[in-house]
Amino acid sequence: SLQLMVLFSVISWAWNMFVFLVLVGLLIRLWSTLRRKTNKRTVLGIFHPYCNDGGGGERVLWRLVESLKKKKKDKIDIVIYTGDNVSGESIINTAKERFGIIVPKDTRFVFLKSRVLVEKRLWPRFTMLGQSLGSIILGLEALFRECPDVYLDTMGFAFTFPIFSLLGGSVIGCYVHYPTISDDMLQNVSSGANSVNNSKAIANSTTKTKLKLIYYRFFAILYRLVGSFASLVMVNSTWTKNHIVSVWNRKSSDTYLVYPPVDCHGLTELPFHPRKPIVLSIGQYRKEKDHMLQLDAFYDLLKKLPEKKSREVSLVMIGSVRQHKKGDTRRVERLRARAIELGIQSQVNVVVNATGTEVKNLLSQAQVGIHTMKDEHFGISVVELMAAGLVPIAHDSAGPKYDIVRPLDGKQTGFLAQNVQEFSQAMEFLFTHPEETEKIRQNARDSVARFSDEEFARICIEYLE
């Protein structure tokens, strides 16, 4: 019958396509194996499509590259897969200016043309799945351009793992800053909570919530599957480790906690006095950083302080604006407009793309540090604030809660808060209780030794070997 003929044709087409893909895969695997034999040194390919962004993830990348080249200088070639539309020399200069890290000049860059496929703006709906599928194509481009012996993803593109493992024959490793999907995200959708990953339109609709749960659970299955290709999994915090162990169904003992490197040497030498009544924030101008919460909490603080003290304090926000993200610039404009609306613009300074020297200068002057991102995977800037002698007030979640702003031998190292009132109350306490503030400041600085560059390099090299 006609139906049987159609069914047979579909099955035949699917089989032929399967055979074709298998043959193509075998040819690619053979090509990559032969190509690898021509290189006597181990090629480490690091997948970091946004390596010129200047954030905490990039500092981890460049410190890792620097450390590996020092330890394995004549035994390893390092290749960075990036989609940045700048020269390798410019990227190296940015790393030096932003982080003070000297990236070895023999580091090679593979410039990818299809990075647009992982841009969030390209996937306004089904963003996680769209970006993940886009990363497969981006990964294929990277593999064809350079097939490494060891593939290390440092940006969370787990869907590239099967590409390099099955087609390239590479050993797969990753340093996870933040899981693409987590139990918290599933819980937010399931409970109908309005959050970064769950808009009001979905939270207020039972039907949309059910459909999104199906989508998230389906994606979680795929995420677990691709995650199984990783031989080495390093994570940056206890929060991230717990979620990766759960979502990827890994053994906790096979998932390694490696705190990101924080350059505290110069910061711990900054004197505690004299200091100005400045509240300092350091972080990229991204939506999830929630800078608006800082502004509203500061406004609330001014209403609580005595009139004279209220006129003296100021809020300084320092952050980078990503060149490929117009939303960052718009957020900066909204923050400045909000400060004018509240009538506190003379006491608020929103600084964009400050140099390392400017950042250090402000770190040496400010008394209080503020960090408002919920579920911050780690929080390098919080550690920097503590090392520089500022008392941190961070969001009561994830990295700051479980790894950073923790008691040192039972002594307080900072404050944790969740809303405008809690952040403003913590700031009020610090500006009105100088003796207690001094003790907390010393405890905070004493607690940062575990996040040093040296410790990061030692542990990373140990696991990669």
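For the single chain, residues carry numbers from 1 onward in sequence order.
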(request) List the steps and the verdict of side chain to side chain contact (heavy atoms under 4.5 Å, CB included) for Val60 and Asn236. (result) CA-CA 10 Å; Val60 170; Asn236 67 340; over 6 Å; no
(message) The test is side chain to side chain contact (heavy atoms under 4.5 Å, CB included); show your working for Cys51 and Ile91 and say whether it passes.
(response) CA-CA 8 Å; Cys51 72; Ile91 293 173; 3.8 Å; yes
(request) May I have the step-by-step check of side chain to side chain contact (heavy atoms under 4.5 Å, CB included) for Gln131 and Glu119, ending in yes or no? (result) CA-CA 7 Å; Gln131 288 181 303; Glu119 295 280 356; 6.0 Å; no
(request) Check step by step if side chain to side chain donor-acceptor pair (under 3.5 Å) holds for Asp290 and Thr372. (result) CA-CA 6 Å; Asp290 203 358; Thr372 46; 5.4 Å; no
(request) Step by step, work out the side chain to side chain donor-acceptor pair (under 3.5 Å) result for Asn52 and Thr94. (result) CA-CA 7 Å; Asn52 203 42; Thr94 297; 3.2 Å; yes
(request) Go through Glu384 and Ile380 one step at a time and tell me if the side chain to side chain contact (heavy atoms under 4.5 Å, CB included) criterion holds. (result) CA-CA 6 Å; Glu384 291 175 335; Ile380 285 180; 3.9 Å; yes
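Atom CG of Leu342 sits about 4.0 Å away from atom CZ of Arg338, to the nearest 0.5 Å. Atom CH2 of residue Trp123 and atom OG of residue Ser132 lie 10.0 Å apart, to the nearest 0.5 angstrom. If you take CG on Leu133 and CZ on Phe126, they are separated by 11.5 Å, rounding to the nearest 0.5 Å. We find the CG-CG distance between Leu257 and Asn242 to be 9.5 Å, quoted to the nearest 0.5 Å. Note that CG of Leu44 and CG of Leu68 are 6.5 Å apart. Values are rounded to the nearest 0.5 Å. Atom CZ of Arg217 is separated from atom NZ of Lys212 by 13.5 Å, given to the nearest 0.5 angstrom.
Closest approach of His291 and Met317 over heavy atoms only: O-CE, 3.5 Å. The heavy-atom pair separating Pro49 from Arg115 by the smallest distance is O-NH1, 2.9 Å. A pairwise comparison of heavy atoms in Gly227 and Phe161 identifies CA-CD1, 4.3 Å as the closest pair. Of all heavy-atom pairs between Phe47 and Ala142, the closest is CE1-CB, 4.1 Å. Closest of all the heavy-atom pairs between Val405 and Phe415 is CG1-N, 3.9 Å. Between Phe111 and Arg145, the shortest heavy-atom distance links the atoms O-NH1, 2.8 Å.
The shortest side-chain heavy-atom distance between Ile46 and Val79 does not fall under the 4.5 Å cut-off. Looking at heavy atoms from C-beta onward, Pro407 lies out of side-chain contact with Thr413 at the 4.5 angstrom threshold. Taking the side chain as every heavy atom from C-beta outward, Phe109 and Ile92 approach each other to under 4.5 Å. The shortest side-chain heavy-atom distance between Leu295 and Met292 falls under the 4.5 Å cut-off. Residues Tyr178 and Glu376 have side chains not in contact (no heavy-atom distance under 4.5 Å, counting atoms from C-beta outward). Taking the side chain as every heavy atom from C-beta outward, Arg41 and Ile76 never approach each other to under 4.5 Å. Between Ile244 and Trp239 there is no side-chain heavy-atom pair separated by less than 4.5 Å. The shortest side-chain heavy-atom distance between Cys174 and Met234 does not fall under the 4.5 Å cut-off.
Heavy atoms from other residues, nucleotides or ligands lying under 6.0 Å from CG of Asp183 number more than 12. Atom CZ of Arg450 sits in a crowded spot, with more than 12 heavy atoms from other residues, nucleotides or ligands closer than 6.0 Å. Phe218 CZ: 12 or fewer foreign heavy atoms inside a 6.0 Å radius. Within a 6.0 Å radius of OH in Tyr215, other residues, nucleotides and ligands contribute more than 12 heavy atoms.
Put simply, the side chain of Ser90 never gets that close to the backbone of Val86: no donor and acceptor are under 3.5 Å apart. Remark: side-chain polar atoms of Arg224 are paired, donor with acceptor, to backbone N or O of Val247 under 3.5 angstrom. Of the possible donor and acceptor atoms, none in the side chain of Gln284 sits under 3.5 Å from a partner among the backbone N and O of Ser320. The main-chain N or O of Ala339 is never found under 3.5 Å from a side-chain atom of Tyr299 such that the two would form a donor-acceptor pair. Side-chain atoms of Ser381 come within 3.5 Å of backbone atoms of Ile282 as a donor-acceptor pair (strictly under, hydrogens ignored). With hydrogens and angles ignored, the 3.5 Å screen pairs no side-chain donor or acceptor of Glu341 with any backbone N or O of Ala337. Without hydrogens or angle criteria, Ser182 side chain to His243 main chain gives no donor-acceptor distance under 3.5 Å. Judged by distance alone, with hydrogens and angles left aside, the side-chain atoms of Ser397 form a donor-acceptor pair with the main-chain N or O of Asp375 at under 3.5 Å. The backbone N or O of Lys113 sits less than 3.5 Å from a side-chain atom of Glu141, completing a donor-acceptor pair. A donor-acceptor pair under 3.5 Å is absent between the side-chain atoms of Asp300 and the main chain of Asp296, judged by distance alone.
Side chain to side chain, Asp84 and Thr82 meet the donor-acceptor criterion of an N or O pair below 3.5 Å. Thr42 and Asp149 are not linked by any side-chain donor-acceptor pair at a separation below 3.5 angstrom, with hydrogens and angles left out of the test. No hydrogens or angles considered: nothing links the side chains of His371 and Gln294 as a donor-acceptor pair under 3.5 Å. Counted by atom type alone, Ser237 and His377 present zero donor-acceptor pairs between their side chains at under 3.5 Å. A side-chain donor-acceptor contact under 3.5 Å links Tyr151 and Thr160. For the residue pair Thr238 and Asp403, a side-chain donor N or O sits within less than 3.5 Å of a side-chain acceptor on the partner.
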With a cut-off of 3.5 Å and sequence neighbours excluded, list every side-chain donor-acceptor pair involving residues 98-106.
| from | atom 1 | to | atom 2 | distance (Å) |
| --- | --- | --- | --- | --- |
| Arg98 | NE | Gly54 | O | 3.2 |
| Asp106 | OD2 | Lys69 | NZ | 3.0 |

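Salt bridge status for Arg458 with Glu462: present, with a side-chain N to carboxylate O gap under 4.0 Å. Classification of Asp396 and Lys374 as a salt-bridged pair fails, no side-chain N sitting under 4.0 Å from a carboxylate O. A salt bridge does not link Glu333 to Arg336: none of the charged side-chain nitrogens sits closer than 4.0 Å to a carboxylate oxygen. By the 4.0 Å N-to-carboxylate-O rule, Arg59 lies close enough to Asp453 to be salt-bridged with it.
Taking the six-membered ring where the residue is Trp, the centroids of Phe219 and Phe159 are separated by under 6.0 Å. Taking the centre of each ring, Tyr175 and His177 come in below the 6.0 Å mark.
Qualifying ring pair (Phe, Tyr, Trp, His ring centres under 6.0 Å) partners for Phe451, counting only residues two or more places apart in sequence or in other chains: Tyr259, Phe378.
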